[in-house]
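Working notes for the structure below.
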Amino acid sequence: MLKRIISNILKEALNEYLKDKDTDIKDIESYIEIGYAVDDKFGDYACPVAMRLAKVLKKNPLEIANSIIEKIDKKYFEKVEVAKPGFINLTLSYNYINECINDLINNDDYGENTVEDKKKILVEYVSANPTGPLHIGHGRWAAIGSALSNILKYAGHEVYQEFYVNDAGEQITKLNESVKAVKEGREIPEDGYHGEYIKDVAKQDGVPKDIILESQKKLLERFGTHMDNYASELKIREGGELEKTMDFLDKEGLLFEEDNAVWFKSTKYGDDKDRVVKKSNGTYTYFAPDITYHKNKIDRGYHYLIDILGADHHGYVPRITAAVRAVSKDTASLKVILGQLVRLYRGNELVRMSKRTGDMISLEDVIDEIGVDPTRYFLLMRSYSSSLDFDLELAKKKDNDNPVYYVQYAYARICNIFFKLEEKNMSYDDGKPLDISKIANESSLKLAKMILRFPDEIYEAAKSLEVYTLINYTYETAGALHRFYYDNIVLEENAEVRQERLTLIKAVKKILGICFDIIGISKVERMWSED
């Protein structure tokens, strides 16, 4: 990772600079932050370390920066300069760009295993009740969960993907009563399920919740979301595991009785109030099997848990976090990602209902209309903490206004160039290393440096648990490829220039392909005929 390499170089220079200074600075790395330069004229990478040290050393940041760069190992850089008010700007050398891109081309695991602290992670997501079709919100959690799992795996973590099936309780009773009413030609109870899908379920033989769950599984597979397991709440309730967990909490002194109910001391672990786990009538609350399920995850060896939930679970976070701390004795950590809502539009018109059924728009409705690739891509375009406006008409466009078309177009454009290379029987040495100096101009250098950011993008996405940053990177890389294409004739008659340009775009194709696999969209090789 270039940021880590540059950070280490600056750390060595800083240590050298500080060794004869009267200072008690211990954590040098905390002062070093590597970012991308805001403008190409300032180089490729920038570091504000001198400004951070100015107060500690009581010196002018420009003076500090100039002293530090004298100590920097310059072998990786074309230029190392200081800019006001104290930035250290670094420009990669052609030789180092060549070395990195040739490594990219020749190594199948380029950008993989970037994390040093590898974890065994269980990602739980979607976890919809088996009482109806998956809606577009579930689709967002499915896209985020599967893409995030792919990122974490690529970064080097061991990842297990799980869907928790809420197949017990009152909602299942209501589902059964609703389906039974339709089968018997009666009105569905007022508090039952009234969607059109109930009529479809009633036509089939089998248990209603199993029929719906099976349809959910098939849709998720179609959507490119592959679960390792579907965990059943019913099995937890009926298999004795729930009682064992309550006994565990009781022995730890974490349960108490009040008002004929049993309470969990969640305030001991930061919750704002204690929570009921068994009601006065002797039945367990929904929270009790949730505690049990999370203990089950930990007992299986997963001490880093990620739950992806809807925004309506905001109040649930403190209590389940407390539960994880309790049942793991503070050996496990839980990160809850609260995904915000999705609003569907057709142009400027908000879409609320399915034209086909008159019900809420389902994930299947959207996929049927626009396809898997646009659906996944659009659902990943914003941070999970932001609401998402999804324009169905834009997603169907076959032009560069549509971002998923734009990025797939870049991949297909590269494929098309290599198809034409073969058609024209032009020479290209597939094994010859790149020499960027022979084709160095603004767009080729921009493209080369963009693809070298990939390992850092994976590392940072795995650290932040944000997928949209990789979407942005993919889009920027596609944009850099398109600009390069318009600025340069790739199939140049000059064999030497053609060789270098083809090698560069071969590297771009590899990076785009990896990004597409992680995001979960198709690597389309032919989209159009281009002269």
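Ring centers of H157 and Y304: at least 6.0 Å apart, outside the cut-off. Residues Y411 and F516 bring their aromatic ring centres within 6.0 Å. Taking the six-membered ring for Trp and the full ring otherwise, Y125 and F163 have centroids separated by 6.0 Å or more.
Both tests pass for K120 against the ring of Y302: distance under 6.0 Å to the centre and angle within 45° of the axis. Taking the centre and axis of the six-membered ring of Y36, the NZ or CZ atom of K3 falls inside the cone set by 45° and 6.0 Å. Cation-pi contact between R4 and Y459: present, with separation from the ring centre below 6.0 Å and deviation from the ring axis of at most 45°.
Using a 4.5 Å heavy-atom threshold, the side chains of L452 and L2 count as touching. Two residues are said to be in side-chain contact when any heavy atoms from C-beta on lie closer than 4.5 Å; F77 and D44 fail this criterion. Put simply, the side chain of M527 reaches to within 4.5 Å of the side chain of Y405, judged on heavy atoms. Taking the side chain as every heavy atom from C-beta outward, E78 and L92 never approach each other to under 4.5 Å. A heavy-atom distance below 4.5 Å is not found between the side chains of S386 and Y468. Contact annotation: the side chain of I68 approaches that of L14 to within less than 4.5 Å [non-hydrogen atoms, C-beta and beyond]. A 4.5 Å side-chain heavy-atom check between I136 and R140 finds every atom pair outside the cut-off. You'll find the side chain of Y269 stays beyond 4.5 Å of the side chain of T321, heavy atoms only.
We find that E162 and K297 are not joined by a salt bridge, their nearest charged nitrogen and carboxylate oxygen being 4.0 Å or further apart. Under the 4.0 Å criterion applied to side-chain N and carboxylate O atoms, D330 and R325 are assigned as salt-bridge partners.
Heavy-atom neighbours of L341 CG from other residues, nucleotides or ligands within 6.0 Å: above the threshold of 12. A 6.0 Å sphere centred on NE2 of H313 holds more than 12 heavy atoms belonging to other residues, nucleotides or ligands. Counting heavy-atom neighbours within 6.0 Å of Y428 OH, excluding the residue itself, gives a total above 12. For K118, the NZ atom is densely surrounded, since the number of other residues' heavy atoms within 6.0 Å is greater than 12. Heavy atoms of other residues, nucleotides or ligands lying less than 6.0 angstrom from CD of E393 number more than 12. For K11, the NZ atom sits in a loose shell: 12 or fewer heavy atoms of surrounding residues, nucleotides or ligands are nearer than 6.0 Å. Counting non-hydrogen atoms of other residues, nucleotides and ligands closer than 6.0 Å to CD of E442 gives a total of 12 or fewer. In N348, the CG atom is not crowded: 12 or fewer heavy atoms of neighbouring residues, nucleotides or ligands sit closer than 6.0 Å.
Of the listed residues (I72, D456, L90), just one forms a side-chain contact (heavy atoms from CB on, under 4.5 Å) with I6, and that residue is L90. Exactly one residue among R343, R346, R382 makes a salt bridge (Lys or Arg N to Asp or Glu O under 4.0 Å) with D389. That residue is R343.
Without hydrogens or angle criteria, Q499 side chain to D429 main chain gives a donor-acceptor distance under 3.5 Å. Side-chain atoms of N402 do not come within 3.5 Å of backbone N or O of K398 as any donor-acceptor pair. Side-chain atoms of D39 come within 3.5 Å of backbone atoms of K41 as a donor-acceptor pair (strictly under, hydrogens ignored). In this structure a side-chain-to-backbone donor-acceptor pair under 3.5 Å is missing from R376 to I521. Of the possible polar contacts, one joining the N150 side chain to the S146 backbone as a donor-acceptor pair under 3.5 Å is found. Of the possible polar contacts, one joining the N494 side chain to the V497 backbone as a donor-acceptor pair under 3.5 Å is found. In this structure, the side chain of S522 does not engage the main chain of V524 through any donor-acceptor pair within 3.5 Å.
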- In sequence, state the C-alpha distance, the side-chain angles, and the governing distance for F390 and Y345, and then conclude on ring-ring contact (aromatic ring centres under 6.0 Å, His included). CA-CA 6 Å; F390 189 141; Y345 286 84; over 10 Å; no
- Mind running salt bridge (charged side-chain N to carboxylate O under 4.0 Å, His left out) on K446 and D40 for me, showing each step along the way? CA-CA 9 Å; K446 183 79 172 178; D40 291 345; 3.4 Å; yes
- Task: Could you please spell out the steps behind the side chain to side chain donor-acceptor pair (under 3.5 Å) verdict for S427 and R498?
- Result: CA-CA 9 Å; S427 65; R498 180 173 68 246; 2.7 Å; yes
- Item | Derivation and outcome, side chain to side chain donor-acceptor pair (under 3.5 Å), residues H226 and Q161 | CA-CA 8 Å; H226 311 296; Q161 300 172 73; over 6 Å; no
- Message: side chain to side chain contact (heavy atoms under 4.5 Å, CB included) for L10 and I34? Distances and angles first, verdict last.
- Response: CA-CA 10 Å; L10 280 169; I34 308 300; 3.4 Å; yes
- Worked check of salt bridge (charged side-chain N to carboxylate O under 4.0 Å, His left out) between E158 and K153: CA-CA 6 Å; E158 181 184 338; K153 286 179 187 177; over 6 Å; no
- Begin with the C-alpha distance, continue with both residues' side-chain angles, and end with the deciding distance and a verdict on side chain to side chain donor-acceptor pair (under 3.5 Å) for S93 and N95. CA-CA 5 Å; S93 70; N95 285 341; 5.5 Å; no
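The line from OG of S127 to OH of Y164 is 9.0 Å long, rounded to the nearest 0.5 Å. Residue F419 holds its CZ atom at 9.0 Å from CD of E423, rounded to the nearest 0.5 Å. Separating the CD1 atom in I69 from the CD atom in E81 is a distance of 8.0 Å, to the nearest 0.5 Å.
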